[in-house]
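Letters go in sequence order (proteins before strands), and every chain restarts at 1.
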Number of protein chains: 2
Amino acid sequence: MTTVPTAPTLLPVLDAASCCEPIARAPLAADQADQLARLLKAIADPARLRLLSLVATQDDGEVCTCDATDVLGLAQPTVSHHFKVLVDAGLLTREKRGVWAYYALVPGALDALAGLLTTTTATTTGPR
Amino acid sequence: MTTVPTAPTLLPVLDAASCCEPIARAPLAADQADQLARLLKAIADPARLRLLSLVATQDDGEVCTCDATDVLGLAQPTVSHHFKVLVDAGLLTREKRGVWAYYALVPGALDALAGLLTTTTATTTGPR
DNA sequence: CCAACATATTGACACCTGTCGATGTCTGAT
DNA sequence: ATCAGACATCGACAGGTGTCAATATGTTGG
């Protein structure tokens, strides 16, 4: 099997991060490079990195827009925009409770993305 | 000034990738997020991802501009530009032999970068 | 129903970026 | 010395991106 050892419900993210094989495995085709680049562009921004880091370090694992606005020092629409980019990329989930919107990490999404960059055979063995 | 002694230092890369702690460790500060974002922007491009992948999968570990131009289907100045971005980011090294310029992976650079994205306490250096 | 609030969307703006043609620079060979 | 070839740099252009003010949407409480 290629991957997806246990993917019961979190498919969209893993799907996004499983766009292609690890970089060092085989030369990337044009379309694979496009997909991976789109994922990386989603996180290649200071504000979005701080948002990811903020969510990842929360005890309860979630952050609302209002909190993030204070921490980042950006206008509310800007924060909403960045959150949307991360959700669209499949890295965060959005849950609206009452008036507030809570964002949380999609489990395994960042790690899967990191796995595509590692040159050392990390997980799944690769018998060529 | 432009004399850049062929210092065999592998430091700049690791230095670049060690700009900050892993995302999930502590909330990123503004300047740390800037540095990490600059690194990620360097690889968040289809052409540069293909170049990295091309170099990483070569048996001898190096690729010259001419070869890359053919594979990517881009003009020679464009390929040179992308290589320069990757070298400046500390991900590739450039060695000129005769008329040709050979690019190779900086050992551990990509892996260090990937380590900053992983949420699970990975290997990497665990000081302090 | 209405007011207050949190969030999302829209529109506009300045800025950055990928691309290529033209040109410069350096090396190896005739 | 001169020429050809590989590569880097420059200048210019189109397209993408981050930011915010203004506005829209939707929810809670009175």
Side-chain angles (χ1 to χ4, degrees), chain A residues 28 30-31 33-52 54-55 62-89 91-104, chain B residues 1-4 6 28 30-31 33-55 62-89 91-104:
Chain A
L28 254 65
D31 52 344
D34 277 339
Q35 289 190 42
L36 182 52
R38 260 188 303 151
L39 261 178
L40 289 171
K41 279 179 191 295
I43 68 171
D45 177 272
R48 291 196 285 272
L49 284 173
R50 295 190 72 189
L51 286 181
L52 282 175
L54 194 62
V55 174
E62 54 184 19
V63 164
C64 71
T65 308
C66 53
D67 293 340
T69 304
D70 292 341
V71 174
L72 268 67
L74 295 176
Q76 173 263 321
T78 306
V79 173
S80 274
H81 163 67
H82 287 307
F83 267 132
K84 179 175 169 53
V85 172
L86 291 172
V87 170
D88 289 347
L91 297 171
L92 291 184
T93 59
R94 186 181 99 103
E95 181 190 355
K96 188 137 186 203
R97 289 203 302 271
V99 186
W100 294 275
Y102 292 94
Y103 294 89
Chain B
M1 304 321 175
T2 59
T3 61
V4 183
T6 61
L28 255 67
D31 52 344
D34 276 340
Q35 289 190 42
L36 182 52
R38 260 189 303 153
L39 261 178
L40 289 172
K41 279 179 191 295
I43 68 171
D45 178 272
R48 291 196 286 271
L49 284 173
R50 295 190 72 188
L51 286 181
L52 281 175
S53 180
L54 194 62
V55 173
E62 54 183 20
V63 164
C64 71
T65 306
C66 53
D67 293 340
T69 302
D70 292 342
V71 175
L72 267 66
L74 294 175
Q76 173 263 319
T78 304
V79 173
S80 275
H81 163 67
H82 287 308
F83 267 132
K84 177 175 169 55
V85 172
L86 291 172
V87 170
D88 289 346
L91 297 170
L92 291 184
T93 59
R94 186 180 99 101
E95 182 190 354
K96 187 134 189 207
R97 288 204 302 270
V99 186
W100 294 274
Y102 293 92
Y103 294 89

Student: From dG18(C), dA22(D), dT7(C), pick the nucleotide closest to the side chain of H82(B)?
Tutor: dG18(C)

Student: Select one nucleotide: of dA22(C), dT7(C), dT17(D), the one nearest the side-chain heavy atoms of S80(A).
Tutor: dT7(C)

Student: Just the rounded figure in Å: distance from P of dC20(D) to CG of L74(A).
Tutor: 5 Å

Student: Looking only at the side chain of R94(A) (C-beta and beyond, no hydrogens), which of the listed nucleotides dA8(C), dT9(C), dC7(D) gets closest?
Tutor: dA8(C)

Student: Can you tell me if R97(A) touches the phosphate of dA6(C), counting only side-chain N or O atoms and a distance under 4.0 Å to OP1 or OP2?
Tutor: no

Student: Figure out the CG/P separation between L92(A) and dA8(C), and round it to whole Å.
Tutor: 12 Å

Student: Of the options dA8(C), dC20(C), dT9(C), whose atoms approach the side-chain atoms of T78(B) most closely?
Tutor: dC20(C)

Student: Confirm from the modelled atom types if Q76(A) and dA6(C) form a donor-acceptor pair under 3.5 Å, side chain to base only.
Tutor: no

Student: Return the nearest nucleotide to the side chain of D45(A); candidates are dC7(D), dT19(C), dG18(D).
Tutor: dG18(D)

Student: Looking only at side-chain atoms of W100(B), point me to the closest of dA8(C), dC20(D), dA6(D).
Tutor: dA6(D)

Student: Taking all atoms of both residues into account, what is the closest heavy-atom pair of K41(A) and A44(B), and its distance?
Tutor: NZ-O, 3.0 Å

Student: Where the side chain of H81(B) is defined as all heavy atoms beyond and including C-beta, which of dC7(D), dG18(C), dT28(D) is the nearest nucleotide?
Tutor: dG18(C)

Student: As a test of reading the structure: which of dG26(D), dG18(D), dC20(D) is closest to the side chain of V99(A), going by heavy atoms?
Tutor: dG26(D)

